[in-house]
Engineer: 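Have a look at this one.
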Amino acid sequence: VATELDDRDGELPEPVDDESLSLQEVAEQTAYGEIFLADLISRQRRLALSVAAVYLLLIAALPLVNLATPELLGLRLLGLPIGWLLLAVLVYPLLWALGYYFVATARAYEDEFTDLVR
Amino acid sequence: VIHWASIVAFGLVAAATIGVGLFATRVVRTTPDFFVASRAVGPLLNASAISGEYLSAASFLGVAAMVMRYGHDALWYPAGYAAGYLFLLLFVAAPLRRFGAYTIADFAEGRFDSPALRRVAVGFVLLIGWFYMLPQMKGAGLTVQTIAGGAVPYWVGVVAVGGIISVNVALGGMKGVTFVQAFQYWVKLFAIALPVFLVLAAFGGYGDHYDAAAADGWGQPWAGVEEGQTGEALLFTYSLMAATIFGTAGLPHILVRFYTNRDGHAARQTTLVVLALIGVFYLFPPLIGTIGRARLGDLDPTRTDALLLELGGLFGSGPLAELVRAIAAAGAFAAFMSTTSGLLVTVAGALAHDVYGRTLRPGATALERQRAFRASALAAGAVAVALGLLVERFSINLLVGWAFAIAASSFFPLLVLGIWWRGLTLPGALAGLCLGGVGSSAAIVASMLLGLDAAGLRPTGLATVLLTQPALWSIPLAFGAMAIGSRLTAERVPADVRIKMLRFHAPETLGLRLEYVPE
């Protein structure tokens with residue numbers, strides 16, 4: 001499977017770990033590997049959708065809160081109105097934190113999956 | 001007044017860019033090196049390169065200009081540009097890398113084993129790539145005009161910068177560009193941060209400038225929007241959000257960078273570093289817009305895209321003023337050079353690989369394809385320059401927002417459904433790609449030709465809102481067409497979809513080696 005890629009990269013093929021599964025094995029293998037993989041994919045999908053939903057709900061609510069109670073977002077924090085502070089400053093650490101949570105959790109799911117299959 | 005220090009700064013950035021490109025041609029020996037930088041690129045270098053490639057004239061010049069003009073409402077642009085990387089991380093980064101697809105066209109063909117879908121995808125790669133180059137050309141023309149004190153016409157910068165970049169890409173290929181891109185992120189961060197710190201140190205803090213700027217309600221959402229039009233303004237805000245948030249994950253010149261990651265997990269780590277790097281960068285444009293509003297209110301409204309370049313004027317006309325101008329100019333050149341280089345690599349790669357290597361001369365040797373890449377880079381650059389001459393009156397940021405809308409309505413749905421939904425079929429994918437991509441492009445071109453609102457944030461009337469920023473309907477249209485089309489042709493779900501899913505999602509810790517390889 002990997003030979004064409006190696007040609008493209010101009011590198012020698014890496015020695016294949018004897019214990020590792022081949023694509024063929026997993027692909028032909030039965031309900032067993034497949035169920036685990038389907039489970040992994042659905043967990044990952046749920047995780048990605050949840051993180052996306054958290055961000056979208058927060059950010060989409062902002063214009064509505066603005067419409068409903070402009071005074072609230074006009075309150076000052078650190079010398080700036082909260083509405084400005086949220087969208088011009090705080091949104092960036094929030095994005096990073098959500099990303100960090102996702103990377104750590106997705107990795108944990110994958111490690112669990114690997115332990116199960118091995 | 002001609003700003004000589006700025007011209008020298010431009011010369012230095014151009015010389016450094018070309019120098020690294022030339023150096024790279026001597027290091028680059030093999031064709032794979034040339035195309036994919038051999039994948040030996042670590043997360044920090046790769047993230048710097050992605051950020052360097054991403055932060056274009058729109059982020060460097062356009063956002064601050066739009067904030068100065070429209071206040072709070074313009075903040076949606078940078079927030080959306082950054083959020084795009086969260087969505088790229090959540091849905092695309094690791095699976096795309098694991099699949100081993102180098103370009104979106106590779107992905108399209110690999111997922112369905114369909115050369116037809118590949119050809120359609122290549123069409124959209126060219127469309128989005130060229131569209132995205134327009135605002136870069138506008139930035140180049142405007143910047144050269146500004147540092148020459150208005151002594152040269154707009155076209156001089158477009159032709160000069162377009163020419164330099166095309167030649168550089170033709171010589172260096174992707175590997176040279178990786179280092180240039182990474183270097184240019186740091187140039188841009190320095191060039192946007194330093195003038196801001198100097199202004200803050202000299203004239204007072206963020207809050208002071210905000211208060212001076214916002215005296216007339218400028219800091220409020222929808223400032224200046226009339227009572228009855230709040231609904232339209234809200235709709236436009238959401239449409240803009242959708243375009244910027246979902247567009248990043250469909251940008252062809254960004255996605256090719258993920259192939260240079262070692263594996264899927266490294267792709268995620270790289271994206272996380274990108275979120276940090278561009279998050280730090282985007283703290284500055286809103287602040288510059290605020291400063292501009294507070295202190296440079298007399299700037300010609302048609303030239304607000306040059307705001308950052310005029311910031312030096314706050315320090316009078318001495319050496320400090322010229323230095324601040326020169327630093328800003330250096331950053332501006334880094335901005336359109338890095339983005340245009342990345343776009344040109346992508347467009348020229350598509351022309352050389354797909355149009356030449358697959359359609360015109362399928363038997364071409366590696367050397368011939370490398371020559372074709374070089375010729376394509378020059379030709380594609382010439383097209384960008386020619387089109388760039390036509391867009392002087394459009395706001396930089398608006399043009400970039402449009403490129404995002406097209407990407408969000410075409411490649412984003414294709415990637416998300418292709419990676420996460422087994423049920424996607426070839427007819428469904430084609431239907432969604434064409435309806436969303438063609439629909440959004442048609443709306444945008446129509447609004448450009450009708451001259452609806454060249455600056456961009458205050459369209460009035462429902463039809464105008466939906467034409468000027470189509471993402472709100474064109475993204476659901478694309479997803480809907482893919483879902484319905486696939487359901488109707490459910491018997492055409494690829495037989496090997498299990499293996500495709502395995503390729504996308506199997507962690508590399510399993511030890512499987514199952515990359516999709518296009519040729």
Side-chain angles (χ1 to χ4, degrees), chain A residues 1-2 4-5 8-11 14 16-17 19-23 26-27 34 37-38 40-41 44-45 47-49 51-52 55-56 59-60 62-64 66-67 70 73-74 76 78-81 83-84 87-89 91-93 95-96 98-100 102-103 106-107 110-111 113-114 117-118, chain B residues 30 32-33 36 38-39 72 75-76 78-79 82-83 85-87 89-91 94 100 205-208 210 214 219-222 230 234 237-238 241 245 265 268-269 271-272 275-276 278-280 282-283 286-287 420 498-499 501-507 509-515 517 519:
Chain A
V1 178
E4 291 169 81
L5 179 75
R8 183 179 171 130
D9 263 2
E11 291 164 1
E14 285 167 28
V16 175
D17 184 346
E19 286 182 27
S20 70
L21 301 162
S22 76
L23 171 62
V26 175
E34 171 128 18
L37 184 73
L40 172 72
I41 296 175
Q44 301 276 39
R45 192 192 295 124
L47 172 67
L49 288 172
V51 177
Y55 182 75
L56 288 177
I59 204 75
L62 198 54
L64 295 177
N66 262 323
L67 272 186
L73 294 176
R76 293 290 176 128
L78 306 171
L80 290 167
W84 187 277
L87 201 53
V89 179
V91 67
Y92 301 110
L95 284 167
W96 190 86
L98 288 172
Y100 182 85
F102 171 76
V103 171
R107 176 67 170 201
E110 285 170 0
D111 289 344
F113 170 76
T114 310
V117 172
R118 278 253 161 123
Chain B
T30 62
D33 270 356
V36 299
S38 284
R39 287 222 246 133
H72 183 281
L75 298 178
W76 292 107
Y85 279 96
L86 179 64
F87 286 78
L89 171 65
L90 296 178
F91 295 108
Y206 202 155
D208 302 334
Y210 179 87
Q220 298 300 315
W222 309 305
T230 330
L234 187 67
T237 301
Y238 280 127
M241 258 193 238
I245 289 178
H265 185 64
R268 287 193 191 124
Q269 288 175 314
T271 319
L272 200 52
L275 269 174
I278 63 170
V280 169
Y282 280 135
L283 297 176
L287 180 44
W420 295 99
R498 287 189 316 150
I499 298 183
M501 287 293 141
L502 201 62
R503 283 183 173 151
F504 284 125
H505 299 286
T509 44
L510 267 187
L512 298 175
R513 310 191 68 219
L514 25 96
E515 296 191 25
V517 179
E519 6 188 322

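Reminder, nothing fancy here: chain letters follow the sequence lines and each chain counts from 1.
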Engineer: Any side-chain heavy atom of I245(B) sitting closer than 4.5 Å to one from L56(A)?
Structural biologist: yes
Engineer: Please look at L73(A) and chain B and tell me whether the side chain, the backbone, both or neither of the residue comes under 4.5 angstrom of a heavy atom of that chain.
Structural biologist: neither
Engineer: First locate atom CG of L37(A), then atom NE2 of H505(B), and finally report the distance between them rounded to the nearest 0.5 Å.
Structural biologist: 8.0 Å
Engineer: If I take atom CG from residue L86(B) and atom CZ from residue F102(A), how far apart are they, to the nearest 0.5 angstrom?
Structural biologist: 8.5 Å
Engineer: Rounded to the nearest 0.5 Å, how far does CZ of F91(B) lie from CZ of R45(A)?
Structural biologist: 10.5 Å
Engineer: Can you tell which part of Y100(A) gets under 4.5 Å to a heavy atom of chain B, answering side chain, backbone, both or neither?
Structural biologist: both
Engineer: Report yes if the side chains of L275(B) and Y92(A) come closer than 4.5 Å at any heavy-atom pair, otherwise no.
Structural biologist: no
Engineer: At what distance, to the nearest 0.5 angstrom, does CG of L90(B) lie from CG of L49(A)?
Structural biologist: 8.5 Å
Engineer: Using non-hydrogen atoms and a 4.5 Å limit, figure out which bit of I41(A) sits close to chain B: side chain, backbone, both or neither.
Structural biologist: both
Engineer: Is there a donor-acceptor contact under 3.5 Å from the side chain of R107(A) to the main chain of H265(B)?
Structural biologist: no
Engineer: Checking heavy atoms, do the side chain of L80(A), its backbone, both or neither come under 4.5 Å from chain B?
Structural biologist: side chain
Engineer: Where on V91(A) is there a heavy atom nearer than 4.5 Å to chain B: the side chain, the backbone, both, or neither?
Structural biologist: side chain
Engineer: For L283(B), is it the side chain, the backbone, both, or neither that has a heavy atom closer than 4.5 Å to a heavy atom of chain A?
Structural biologist: both
Engineer: With only heavy atoms counted, which part of Y282(B) is less than 4.5 Å from chain A, the side chain, the backbone, both or neither?
Structural biologist: both
Engineer: Let me know if L64(A) has heavy atoms under 4.5 Å from chain B in its side chain, its backbone, both or neither.
Structural biologist: both
Engineer: For L234(B) and P63(A), work out which heavy atoms get closest and say how close.
Structural biologist: CD1-CB, 3.6 Å
Engineer: Who wins among A60(A), G79(A), G83(A) for the most heavy-atom pairs under 4.5 Å with chain B?
Structural biologist: A60(A)
Engineer: Would you say the side chains of W84(A) and Y206(B) form a donor-acceptor pair under 3.5 Å?
Structural biologist: yes
Engineer: Heavy-atom distances under 4.5 Å only: say whether I59(A) touches chain B with side chain, backbone, both or neither.
Structural biologist: both
Engineer: Would you say that N66(A) contacts H72(B) through its side chain, given a criterion of any heavy-atom pair below 4.5 Å between the two side chains?
Structural biologist: yes
Engineer: Less than 4.5 Å apart, side chain to side chain, heavy atoms only: is that true for Q220(B) and P81(A)?
Structural biologist: no
Engineer: Rounded to the nearest 0.5 Å, what separation is found between the CZ atom of F504(B) and the CD atom of Q44(A)?
Structural biologist: 14.0 Å
Engineer: Under a 4.5 Å cutoff for heavy-atom pairs, which residue among V51(A), L40(A), L95(A), L87(A) has the most contacts with chain B?
Structural biologist: L87(A)
